[in-house]
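Scroll down for the structure; my scribbles are underneath it.
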Amino acid sequence: GAGVSQSPRYKVAKRGQDVALRCDPISGHVSLFWYQQALGQGPEFLTYFQNEAQLDKSGLPSDRFFAERPEGSVSTLKIQRTQQEDSAVYLCASSRRTRTSGSTDTQYFGPGTRLTVL
Amino acid sequence: TQLLEQSPQFLSIQEGENLTVYCNSSSVFSSLQWYRQEPGEGPVLLVTVVTGGEVKKLKRLTFQFGDARKDSSLHITAAQPGDTGLYLCAGARDSNYQLIWGAGTKLIIKP
């Protein structure tokens, strides 16, 4: 079956512009994660959805970042008034089960969206 | 502050050589995962280790979880150019589904 897809793959924005990044998870996957990966670094957690509920947004770096998953499938990460420090690859991952205590469900990652803010 | 330290950050070796990548922390993890990421792609899970002292093998790759569950290693035997990529470790804690990621080891295998 299809994996996680993300669009656009590349986005160039001028400083101050708003951007919207889309994630299509694997069908039926309950959990959805957004990560930010700076050049030469590992991913950093941004936010987590269980179905349509955003259960954790502790990793969002500022109130300019907003994520939603209104119908429990497709998710959108929106960044308002982009800044140069927002330049990074934004990764989306989905997993089959909920994140219960002690579980290590496999996360399947999309290819990411490379955002460059000029 | 990087809670998971990976070393080396960069490694370039000839095809056929052996190598070991390390993932160290002062924190205890309930499990630790190793991923490989290629340019323009997302990370792909290689293995999950759960038990202290556990050793798992995946063809020429051997993964070990430290006895105290604070560190892990990835050993590659007779490296091939196809092993080239960014290797990431990520730790999980019982009470939190968030993965703690290392910064990665960029591995280049020259033919």
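Only heavy atoms go into these numbers, but all of them, side chains included; no hydrogens, no water, no symmetry mates. Chain naming here is simple, since letters A, B, ... match the order of the sequence lines and numbering starts at 1 in each.
Looking at A:Arg9, the atoms closer than 4.5 Å to chain B (heavy atoms on both sides) all sit in the side chain, from C-beta outward. Contact annotation for A:Gln6: neither backbone nor side-chain heavy atoms come within less than 4.5 Å of a heavy atom of chain B. Contact annotation for B:Leu86: only side-chain heavy atoms (C-beta onward) come within less than 4.5 Å of a heavy atom of chain A.
No more than 12 heavy atoms of other residues, nucleotides or ligands shown are found within 6.0 angstrom of CG on A:Leu39. Under a cut-off of 6.0 angstrom, the local environment of NZ in B:Lys56 is crowded, with over 12 non-hydrogen atoms contributed by other residues, nucleotides or ligands. Heavy atoms of other residues, nucleotides or ligands lying less than 6.0 angstrom from CZ of A:Phe109 number more than 12.
Hydrophobic cluster membership is shared by B:Leu3 and B:Phe65, with clusters built from Ile, Leu, Val, Met, Phe, Trp and Tyr side chains linked at under 4.5 angstrom. Under the 4.5 Å side-chain heavy-atom criterion for grouping Ile, Leu, Val, Met, Phe, Trp and Tyr, B:Tyr87 is connected to B:Ile109 within one hydrophobic cluster. Note: the hydrophobic cluster containing A:Leu91 does not contain A:Leu60 (ILVMFWY, side chain heavy atoms under 4.5 Å, direct or indirect links). B:Tyr22 and B:Val47 are assigned to two separate hydrophobic clusters, defined by single-linkage of ILVMFWY side chains at heavy-atom distances under 4.5 Å. Using a 4.5 Å cut-off between side-chain heavy atoms of Ile, Leu, Val, Met, Phe, Trp and Tyr, with links allowed through other members, A:Ile79 and A:Tyr35 fall into different hydrophobic clusters.
Note that CD1 of B:Ile100 and CD of A:Glu44 are 9.5 Å apart. Values are rounded to the nearest 0.5 Å. Once rounded to the nearest 0.5 Å, the distance linking CZ of A:Phe33 with CG of B:Leu99 reads 7.0 Å. Here A:Gln41 contributes atom CD and B:Trp101 contributes atom CH2; the two are 13.0 Å apart, rounded to the nearest 0.5 Å.
A pairwise comparison of heavy atoms in A:Gly42 and B:Leu88 identifies CA-CD2, 3.8 Å as the closest pair.
When the heavy atoms of residues 34-41 of chain B are compared with those of chain A, the residues falling under 4.5 Å are B:Tyr35, B:Gln37, B:Gly40, B:Glu41, listed by number. Residues of residues 9-17 of chain B never come closer than 4.5 Å to chain A when only heavy atoms are counted.
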